[in-house]
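Step one of this worksheet: look at the structure below.
The figures here come from the full heavy-atom set of this structure, side chains too, leaving out hydrogens, waters and symmetry mates. We're numbering straight along the sequence, starting at 1.
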Amino acid sequence: MKNYFYRELCLIFFLFLLMQVNSQETSKFKEPITKTWINTYGNIRLSNRFYWVAQTHFRFQETEKTPFVGQLAQIYNRHAIGYIYSKKFNISLGGVLRLNFNTDEESTDRNLVPEWRIWHQYMFASPLSSLLFYHRIRIEHRWTKSFLEDSEYTFRNRWRYMFKAKIPINSSQFKPKTFYVSPEAELILQSGKTVAGSVMEDLRLHMSAGYIVSPRLTLATGIMYSHGQTLSDATVFKQSWTARFHVYFSLDPRNIKNKIPAIHMDD
């Protein structure tokens, strides 16, 4: 199984490079659309090594009259069990239920279709002086179908690599009351019988600014530009500008007695 994934990943990267060379003169870019993503990222500690990944995302998309937040496009429920190997490496394995809403204002097809995924992730952290660098490899196995009544599920793989940096602004450490900026780039490739030449699903460039409220809560916001091949025509690229809002929280129910003082009835 491991050798199968290695071979397929290498083949996808080779096809992606070949596609980029061959499509320079024939590619067409659609007009960009605007979106808004409101994302929550939770890590809930289960033991010294294991934790529960709980993420919920609300994603909106423009309409003809309203940019960015005109209509609801997707709701994500992403969950997993994570394992902390060390301070510099962790892995996760879990599932996703994504609810896809039909954003075509002229469509008469179904309004809602569920999408199912299995995902596993490998996160590497590389501290350098006061900076933090992250390398994330995420592999997703997804089952999707269109909004047509008689459509059936099709299977595809997604191969994702993200590079991210976190740079503190008003402190030399990442601690409460610290502001930071975070540039990020992610390449998402895909494979499957229905993919044909549309290997590059998305290239995302994201810049965000964040504030560490406490060791358990961080808030951030940013803007992302992305583009990628349409599934039906590899020479046509879709584009988007996305406003993103993030809430990161960490909980440890094991230590709740230490966090909340006992009530003294004899005071």
Note: Arg156 and Thr144 closest approach over all heavy atoms is NH2-OG1, 3.1 Å

Taking the six-membered ring for Trp, are Phe50 and Tyr83 parallel (under 30°), tilted (30 to 60°) or perpendicular (over 60°)? tilted

Do Arg45 and Tyr51 have side-chain N/O donor and acceptor atoms under 3.5 Å apart? no

State plainly whether the residues Glu152 and Lys145 are in salt-bridge range, i.e. N to O under 4.0 Å. no

Sub-4.5 Å side-chain heavy-atom contact between Leu219 and Val247: yes

Dump the intermediate steps for side-chain hydrogen bond (donor to acceptor under 3.5 Å, both in side chains) on Trp143 and Thr154, then the final yes or no. CA-CA 5 Å; Trp143 289 263; Thr154 58; over 6 Å; no

Does the side chain of Glu115 pick up a donor-acceptor pair with the side chain of Tyr153 at under 3.5 Å? no

Aromatic contact between His57 and Tyr76, with the criterion being ring centroids under 6.0 Å apart: yes or no? yes

Any donor-acceptor N or O pair under 3.5 Å, side chains Ser250, Asn43: no

Quick one: are Arg160 and Arg204 in side-chain contact, heavy atoms under 4.5 Å? yes

Does Trp116 have Arg142 sitting over its ring (NZ/CZ under 6.0 Å from centre, angle to axis within 45°)? no

State, without any angle test, whether Arg110 and Ser151 hold a side-chain donor-acceptor pair at a distance under 3.5 Å. yes

Taking the six-membered ring of Phe133 as reference, does the cationic atom of Lys166 (NZ for Lys, CZ for Arg) lie under 6.0 Å from its centre and within 45° of its axis? no

Check residues 29-36 and write down every donor-acceptor pair under 3.5 Å in which the side-chain atom is one partner and the other belongs to a residue at least two apart or another chain.
unit_1, atom_1, unit_2, atom_2, d
Thr34, OG1, Glu62, OE1, 2.8
Thr34, OG1, Phe68, N, 2.8
Thr36, OG1, Phe68, O, 3.4

Could you check if a side-chain atom of Leu217 sits within less than 4.5 angstrom of a side-chain atom of Tyr248, using non-hydrogen atoms only? no

Say whether His79 and Trp52, considering side chains only, have a donor N or O and an acceptor N or O under 3.5 Å apart. yes

For Arg136, which residues count as a salt bridge (charged side-chain N to carboxylate O under 4.0 Å, His left out) partner, sequence neighbours excluded? Glu186

Checking Ser226 against Ser240: is there a side-chain donor and acceptor pair closer than 3.5 Å? yes

